[in-house]
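In this text the structure is predicted, and so the values were computed from the model without any measurement. For reference, positions follow the sequence shown, starting with 1.
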Amino acid sequence: MLGSSFRRLIDYTSANRVDKYFLVYLVWLLAAAAWVWTLLISPQAMAGMLDVLGVHRFTISAIQRFGFVLLGLAWLVATLWTEHYLRTSVSKQRVMRSVVRVVIATIVIFIVTTLVQLSPVLVQLI
């Protein structure tokens, strides 16, 4: 009697753990894909902002090219760290808290990127 209950508990926990890993990797893939959009938009947005501020065009070109490389490295580090953070949250029983934190961080990145993209228009209005 006790053995069958224990087996069912293990089966339930294993299935639950697989579901949690599926959720974790789904959130990780969506966040990494969303950050790629930020990676592609940010250098152009920064160049537009610097152009409005009157920075020399060669400086803008250098910032745009090196910025893309640095943003690519930041994307890689953030993606690897997020995968580790979400994967270890399954064993620590903190999946939902970790998922919410990653979603909030992604939303904040979208807001900052949108503000940087709109900054040339906002600077001209001021």
Side-chain angles (χ1 to χ4, degrees):
M1 178 83 174
L2 183 61
S4 65
S5 298
F6 185 67
R7 263 186 249 128
R8 275 187 282 177
L9 178 64
I10 289 175
D11 291 340
Y12 173 74
T13 307
S14 298
N16 195 14
R17 183 172 252 188
V18 169
D19 292 343
K20 287 179 182 178
Y21 276 113
F22 180 75
L23 172 68
V24 160
Y25 281 106
L26 180 66
V27 169
W28 174 68
L29 284 172
L30 291 175
W35 298 340
V36 166
W37 179 79
T38 303
L39 172 72
L40 296 175
I41 297 298
S42 293
Q44 293 292 342
M46 191 68 124
M49 184 179 71
L50 293 173
D51 188 37
V52 169
L53 293 174
V55 177
H56 196 268
R57 66 185 176 120
F58 293 123
T59 306
I60 293 173
S61 178
I63 290 173
Q64 192 175 6
R65 287 189 171 90
F66 289 119
F68 185 76
V69 171
L70 292 177
L71 283 172
L73 289 173
W75 174 83
L76 180 64
V77 169
T79 302
L80 292 175
W81 184 82
T82 302
E83 189 272 333
H84 169 73
Y85 177 68
L86 289 172
R87 185 175 31 86
T88 57
S89 70
V90 173
S91 62
K92 294 180 181 179
Q93 306 289 326
R94 296 188 272 194
V95 174
M96 289 312 292
R97 183 181 352 168
S98 299
V99 166
V100 168
R101 286 180 180 173
V102 168
V103 168
I104 289 173
T106 304
I107 290 170
V108 167
I109 289 171
F110 270 141
I111 290 170
V112 168
T113 303
T114 304
L115 288 175
V116 168
Q117 193 173 10
L118 293 176
S119 63
V121 175
L122 296 175
V123 167
Q124 288 177 351
L125 289 177
I126 295 174

Separation of Ile63 CD1 from Leu70 CG (nearest 0.5 Å): 11.0 Å
Atom pair OG1 (Thr113) and CD1 (Ile41), whose distance is rounded to the nearest 0.5 Å: 8.5 Å
Nearest atoms (heavy-atom pairs only) where Trp35 meets Thr106: NE1-OG1, 3.4 Å
Spacing of Tyr21 atom OH and Leu86 atom CG [to the nearest 0.5 Å]: 11.0 Å
Identify all side-chain donor-acceptor contacts of residues 46-53 below 3.5 Å with residues at least two apart in sequence or on another chain.
none

Expected output: side-chain Thr79 to main-chain Trp75 donor-acceptor under 3.5 Å: yes
Summary of salt bridge (Lys or Arg N to Asp or Glu O under 4.0 Å) pairs that have at least one residue in residues 59-68, sequence neighbours excluded: none
Sequence neighbours excluded, every pair satisfying ring-ring contact (aromatic ring centres under 6.0 Å, His included) that has a member inside residues 85-115: Trp37-Phe110, Trp81-Tyr85
Side chain Ser42, main chain Leu39, donor-acceptor under 3.5 Å: no
Hydrophobic cluster identity match, Leu29 and Ile107, side-chain contacts under 4.5 Å: yes
Distance (rounded to the nearest 0.5 Å) between Met96 CE and Arg101 CZ: 13.0 Å
Shortest non-hydrogen separation from Val55 to Ile60 and the atoms involved: O-CD1, 3.4 Å
